[in-house]
2 protein chains.
Amino acid sequence: MSGRVTSRAVAERAGVSQSAVSRVFSGASASARTVEKVRKAAEELGYRPNVLARSLITGRSRIIGVVVAYLDNPFYPDALERLSRALQEEGYHSLVFIAPEGHNDTDRVIQQMLDHQVDGIIAASVGLGDELAARCKSAGIPVVLFNRGQPEANLPQVTSANHAGGRRVAEHLVAIGRQRIGHVAGWQGSSTGRDRTEGFLTGLSEAGIAPTGVVPGDYRRDKAAEVAEELVTQGADALFVGNDHMAFAVMDHLRFIMGWRVPEDVAIVGYDDVPMAAWAGYDLTTIRQPVGQMVEATVTALLAALDGATPGAQEINGPLIIRGSTGGAAHARI
Amino acid sequence: MSGRVTSRAVAERAGVSQSAVSRVFSGASASARTVEKVRKAAEELGYRPNVLARSLITGRSRIIGVVVAYLDNPFYPDALERLSRALQEEGYHSLVFIAPEGHNDTDRVIQQMLDHQVDGIIAASVGLGDELAARCKSAGIPVVLFNRGQPEANLPQVTSANHAGGRRVAEHLVAIGRQRIGHVAGWQGSSTGRDRTEGFLTGLSEAGIAPTGVVPGDYRRDKAAEVAEELVTQGADALFVGNDHMAFAVMDHLRFIMGWRVPEDVAIVGYDDVPMAAWAGYDLTTIRQPVGQMVEATVTALLAALDGATPGAQEINGPLIIRGSTGGAAHARI
DNA sequence: TCCGGTTTTGAATACGTGTGCAAACGCTAC
DNA sequence: GTAGCGTTTGCACACGTATTCAAAACCGGA
């Protein structure tokens, strides 16, 4: 009604001082009598502490900035939701920014977060300019990278074991008897993309097999489908696709546009194990990225950093989930 | 380095008063000379205004709270992303909260937003307790509902024309010659779910057809699949599913688990036209919810409300997109 | 009753910025 | 040179809260 209701108003009504009110709501010690009086007055007036003013004086906003890039890959909504929940459980809120296309813009977004006095930042699958990283550091704002490495930046980061995963895929495809194996790679500008590709090539070469072709799909559906067509035309009988999001596009294109059968004509493996991979329509063999564990590790690292620690890089292992797109459980015994 | 760098520090270095610095950064008038001096000093010190302090004194945070519920329905990540971008273009930031399961929790989430002094709230597909709505109103914080109506609350709201859409679906299914038509309804606790169902039933009755069955699927994949099996077992040769998210589950279940053919044995229609509906693997006939327009209308309404206006309810019309799951373009001429 | 020690309380100050007000300034026209 | 007017500037205060410090209240024991 009459403007904002402040702690002073509550104090006046309760017949105590403003500091008493503050103490009651910030959990400091106060006698049972005043607590009671203050609570009652606050209730009657509908008082709620102004978080801004509190943050201004304490220097802590209890807000974590979360930058995220592509929400069309279902891996990220899932991760975002879990991150948000996990942070809420720790008493933090999340200021979410969807990073625009260009990379400079990512930096601008993070700068805006700093302006908002966030206590920390989680960058999901986006890089961080060196200058800005330095800026965060000098401002004492910890940054944790989620699902992307940035070796030169020396930041705490949580990824899955992408190299090992890529290698595991190669082993699996070889084990089920495929000989002409192609790779629709992820964006090679990202550590995840590079690592998966490297691991995969390592695995192939260990088996003495040369890849039929390795072409980046850049995490884009249209490009992935195009690349896949190219590879199967060159005779590939198996494809490792850099993430599930692209793998779905590849399967759609091969099966419904080109008329190929999966896995009979061509086996497909993805990466992430997003929920959709388990749907009957795709039944996609893939490497699971354990989102829950990754989120947990990320939040733990961030909290540690907020406590002054300096967590390092962390890799979470994920299993190969064998499904129909490579022949299913029948082949799993290999 | 040495703690925060404040406007006073900049003032000192530039040889002007703190107010001068404030004026330069808040766009007020200042002489070219001082602007130059202040800019230079700020640059050297790496100064950035503290948004919290600014908000505290101006009473405006330029932050919009966005509550969203289910991120696993791909409609919402998409909407969230667009909302976020649209708000950023207007100079606002979005404080995103993922609403937990229970309804009481939604209220708690909104309360927390109020604590953070958001300038406005967008509630995407979540209801709003009466008491809390009143609270927002008395606090002067405008609330706009996105993709959910709440007639009794008298709040500005943006939905698609769900009743008309449901009716259009009935017309289409009748037009392609289906006689035994079932409905896997959305959650009847939501206005969207109810309206679509009502419109659909209206359309059927206008055609003189009684539905083969109407069972709520509650926007959940597992339940939708279960319900769909039940309906086709009762002889349905067409199903209207309350949203695309459930429709995919229904198609997967019918085709890959039960071995039915779509659309030969059973025609399927969804609602939303999420990107996935156009994928070759589903090729789903559906009513398009024009997310772009809905987002635009929502932001416009919110801005208007921030300016003191009181926008009303708004319905955005969306076309029926005919695809393979009801026989495709061949039937579109009807 | 009085005293030492512990807890509670209120006054005052700080956080970093925007803004009203009056003084200082710059410029033009006489 | 000076009166006059519009613009710029600095001072002081405000926003709503947390927190320091000293004073006050309390409590149990002698």
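Throughout, protein chains are lettered first and strands after them, A, B, ... in sequence-line order, and every chain is numbered starting at 1.
Atom CZ in B:R33 sits about 15 Å away from atom C1' in D:dT7, given to the nearest Å. Rounded to an integer number of Å, the gap from CD of A:Q117 to C1' of C:dT17 is 11 Å. Rounding to whole angstrom units, OH of residue B:Y47 and C1' of C:dT17 are separated by 7 Å. Atom CZ in A:R54 sits roughly 13 Å away from atom C1' in D:dT19 (whole-Å rounding). Across the protein-nucleic acid pair, B:L56 atom CG and C:dT17 atom P stand 12 Å apart, rounded to whole Å. Rounded to whole Å, the distance from NE2 on A:H116 to P on C:dT17 is 14 Å. As rounded to whole Å, 10 Å separates atom C1' of D:dT9 from atom NZ of B:K37. Whole-Å rounding puts the A:R60 CZ to D:dT19 C1' distance at 15 Å.
Closest of all the heavy-atom pairs between A:I98 and A:A69 is CG2-O, 3.8 Å.
Partners of A:T300 by side chain to side chain contact (heavy atoms under 4.5 Å, CB included), not counting sequence neighbours, listed by chain and number: A:E296.
Judged by the 6.0 Å distance and 45° axis criteria, A:R108 is not positioned over the aromatic ring of A:F97.
Using a cutoff of 4.0 Å between basic side-chain nitrogens and carboxylate oxygens, B:R48 and A:D115 are scored as salt-bridged.
Mapping A:R8 and A:S17 onto DNA chain C by nearest heavy atom places A:S17 at the nucleotide closer to the 5' end. Of the two residues near DNA chain D, B:V16 and A:N50, the one whose nearest nucleotide lies more 5' is B:V16. Between A:T34 and A:Q18, the residue whose closest nucleotide on DNA chain C is further toward the 5' end is A:T34.
A close approach under 4.0 Å does occur between a side-chain nitrogen or oxygen of A:S31 and OP1 or OP2 of C:dT9. Of the side-chain N and O atoms in B:S7, one or more sit less than 4.0 angstrom from OP1 or OP2 of C:dT17. For C:dT17, one of the phosphate oxygens OP1 or OP2 lies less than 4.0 angstrom from a side-chain nitrogen or oxygen of B:T6.
Using modelled atom types and a 3.5 Å distance limit, the side chains of A:Y219 and A:S125 yield no donor-acceptor pair.
The listed nucleotides are D:dG10, C:dG18, D:dG16; the one nearest the side chain of B:A20 is D:dG10.
The residue B:V21 sits apart from the nucleic acid: no heavy atom pair falls under 4.0 Å.
Side-chain atoms of B:S19 and base atoms of D:dC11 include a donor and an acceptor less than 3.5 Å apart. Side-chain atoms of A:R23 and base atoms of C:dG10 include a donor and an acceptor less than 3.5 Å apart.
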